[in-house]
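Please read the structure below before turning to the comments.
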Amino acid sequence: MHRPKTIRTFVTVFPNVSLRCMLKLLLKLWADQKRRDFKWGRFLGMAYFFGLFMMVCIVVTLAIYEVSGPQAGMEVAVPLLAAMLIVPDFLHKLLMKHDETAMDHYLKSRPVSERAWNRFLLVSNVLNFWNWTLPLSLLPFCVLFLPWPLVVPSMVLLLAVSLVGGVAITAFRKARGWSGVWPVLAAMALWAVVAACYSLTVFLLPWWVHVVGFLLLCAGGVALFYDYLCDIRRYEESHEHSRRLFRVGSSSLFSMEYVSVLRSKRLRVAVLILPLVFVLNVYLQMSQGQNFMFYMMFLFSVFAPSMMLGQWVFGIEGNYFDGLWTKPVSIRQILENKFWFYALLDVWPTLLVLPVVWLGNVSPWLLVATWLFTTGIGNLSLMPTCLISSRIELFQSAFFNYQGASLAVNLYGLIIFVPLAIYGLCLWLLSEVGALVTLSLLGLLGFALHRVVIEWLARLYEQRRYKSFERYRQ
């Protein structure tokens with residue numbers, strides 16, 4: 001956190017600060033930090049994706065409204081929707097909501113009690129944007145289907161349910177190690193079950209009585225997670241356990257690939273969140289039939305994770321390549337691990353678009369052929385980026401962030417249009433069976449030749465390693 005003069009002067013003149021005054025100071029400090037760290041690029045990126053999500057919610061709500069029209073008794077759907085969205089909302093916050101749960105050394109040297117800090121964490125959850133996404137996303141439903149006197153109580157109920165998940169995420173972030181995390185996950189699972197069971201009583205109790213009971217249940221959930229939050233002692237001293245990263249085999253080397261993605265917010269958003277946009281477009285294009293745009297979105301949805309990460313081959317390792325070079329590992333082994341890791345990354349969006357086989361009457365062999373083609377040809381075409389990539393900052397924001405890019409990387413990025421053109425031409429010029437067979441054979445050919453290509457790239461990198469090392473330091 002930043003250190004404005006307000007808190008320094010206040011604690012100097014008034015050493016015995018009350019809990020309420022200290023909470024006001026912490027909130028002012030938090031507001032100053034948000035104001036100083038504000039960036040238009042990050043704000044517009046968040047607004048874009050939230051606006052896209054809201055647009056989908058509005059379109060779905062209007063479609064339901066046109067089919068069913070206004071009906072009496074729709075208010076019973078509000079607690080049911082709130083209970084159904086507890087788990088998705090928790091997973092969404094787990095990716096997007098990041099809290100400063102530990103006081104820095106400056107605040108610890110001031111008379112800021114642990115009780116005041118925990119109270120600040122609770123109040124800041126009410127002001128956190130990600131805790132408002134659930135009620136805002138269901139606002140169109142409430143406005144169209146509910147009587148006006150019931151809109152505000154419904155929004156309060158949705159906000160209360162979202163706050164339970166928000167405080168749980170704060171406790172999750174503050175806990176250290178599996179022993180501190182598993183009680184949060186267990187309590188969250190129990191809360192989801194209890195809320196789902198209680199939501200069914202909306203058919204038995206009067207609506208207002210049910211909502212009041214649900215709000216009291218949410219207050220109990222917040223109190224439970226807040227009590228656990230207060231019991232956690234979190235310190236910022238560096239006392240992490242040291243573990244061996246390099247063993248004789250390649251299993252620990254392979255762990256570098258997924259650990260860097262999971263730890264870096266920039267990579268998590270780029271690899272796990274942004275591809276969902278293409279998956280959503282697949283389902284939106286499905287209503288238009290199996291046209292050219294559908295196949296292009298289908299290819300991009302499968303290719304997106306490895307395409308986003310493949311533009312930075314060795315950009316991650318550029319942060320510690322000097323130390324990596326001193327270890328008994330080979331460039332060929334690292335590149336081969338990346339090739340197989342990119343192939344695994346393309347599996348999860350393939351599973352997400354699997355329902356189009358039944359919903360859109362799509363051949364299941366299209367999924368197999370597309371995955372083989374993207375991993376065998378698409379991912380292999382990205383591997384030469386290791387020769388020109390620059391070091392990237394792992395812990396910056398992913399929205400509109402061009403750090404680590406260069407003219408050479410941007411020009412080579414046009415290479416993705418080559419597999420895109422091959423994919424489109426095969427589906428356009430050949431029959432369906434011929435296109436799927438051709439794409440599958442091309443993918444298998446890429447798998448067969450990947451060792452030869454990687455060996456050639458490893459030799460080129462070792463010849464140019466000093467130029468690469470200098471580029472990483474820029």
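All values below were derived from every heavy atom in this structure, side-chain atoms included, with hydrogens, water molecules and symmetry-related copies excluded.
- Trp182 CH2: 12 or fewer foreign heavy atoms inside a 6.0 Å radius.
- Of the possible donor and acceptor atoms, one in the side chain of Thr170 sits under 3.5 Å from a partner among the backbone N and O of Gly166.
- Residue Tyr228 comes nearest to Pro183 through the heavy atom pair OH-CG, 3.6 Å, listed as atom of the first residue, atom of the second, then distance.
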(request) Start with the C-alpha distance between Leu382 and Phe303, add both sets of side-chain angles, then the distance that settles side chain to side chain contact (heavy atoms under 4.5 Å, CB included), and finish with yes or no. (result) CA-CA 11 Å; Leu382 293 172; Phe303 191 26; 4.0 Å; yes
(request) Give the intermediate values and the outcome of side-chain hydrogen bond (donor to acceptor under 3.5 Å, both in side chains) for residues Thr375 and Asp346. (result) CA-CA 7 Å; Thr375 53; Asp346 291 337; 5.7 Å; no
(message) Walk me through whether Val222 and Leu122 qualify under side chain to side chain contact (heavy atoms under 4.5 Å, CB included).
(response) CA-CA 9 Å; Val222 171; Leu122 179 63; 3.9 Å; yes
(request) Evaluate side chain to side chain contact (heavy atoms under 4.5 Å, CB included) for Leu335 paired with Val313, printing each intermediate quantity in order. (result) CA-CA 8 Å; Leu335 287 175; Val313 176; 4.0 Å; yes
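- Taking the six-membered ring where the residue is Trp, the centroids of Phe120 and Trp117 are separated by under 6.0 Å.
- Across all their heavy atoms, Asn118 and Leu229 have their closest contact at OD1-O, 4.2 Å.
- How far CD1 of Ile86 is from SG of Cys218: 7.0 Å, rounded to the nearest 0.5 Å.
- A distance of 9.5 Å separates CG in Leu420 from CE in Met307, rounded to the nearest 0.5 Å.
- Checking side-chain atoms of Trp371 against main-chain N and O of Ala343 turns up a donor-acceptor pair under 3.5 Å.
- Side-chain atoms of Asn128 and Lys93 include no donor-acceptor pair closer than 3.5 Å.
- Here CG of Leu134 is found 8.5 Å from CG of Leu159. Values are rounded to the nearest 0.5 Å.
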(message) Assess the residue pair Leu150 and Trp208 against the criterion (side chain to side chain contact (heavy atoms under 4.5 Å, CB included)); give the C-alpha distance rounded to whole Å, side-chain angles, the decisive distance to 0.1 Å, and a yes or no.
(response) CA-CA 9 Å; Leu150 303 184; Trp208 286 96; 3.5 Å; yes
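- Ring geometry for Tyr198 versus His210: interplanar angle under 30°, hence parallel rather than tilted (30 to 60°).
- Side-chain N or O atoms of Asn131 include one that pairs as donor or acceptor with a backbone N or O of Asn125 at under 3.5 Å.
- If you take CG on Leu158 and OG1 on Thr133, they are separated by 11.0 Å, rounding to the nearest 0.5 Å.
- Looking only at distances, a side-chain donor or acceptor of Arg173 sits under 3.5 Å from a matching main-chain atom of Leu94.
- Below 30°, between 30° and 60°, or above 60°: for Phe294 and Phe298 the angle between ring planes is between 30° and 60°, a tilted geometry.
- The number of heavy atoms from other shown groups lying within 6.0 Å of CE (Met84) does not exceed 12.
- Separating the CG atom in Leu91 from the CG atom in Leu85 is a distance of 11.5 Å, to the nearest 0.5 Å.
- Classified by interplanar angle (parallel below 30°, tilted 30° to 60°, perpendicular above 60°), the ring pair Phe90/Phe172 is perpendicular.
- Shown here for Pro349 and Val279, the closest heavy-atom pair between the two residues is CB-CG2, 4.4 Å.
- Under a cut-off of 6.0 angstrom, the local environment of CH2 in Trp207 is crowded, with over 12 non-hydrogen atoms contributed by other residues, nucleotides or ligands.
- Atom CG of residue Leu284 and atom CE of residue Met297 lie 10.5 Å apart, to the nearest 0.5 angstrom.
- Put simply, the side chain of Trp132 gets close to the backbone of Val126: a donor and an acceptor are under 3.5 Å apart.
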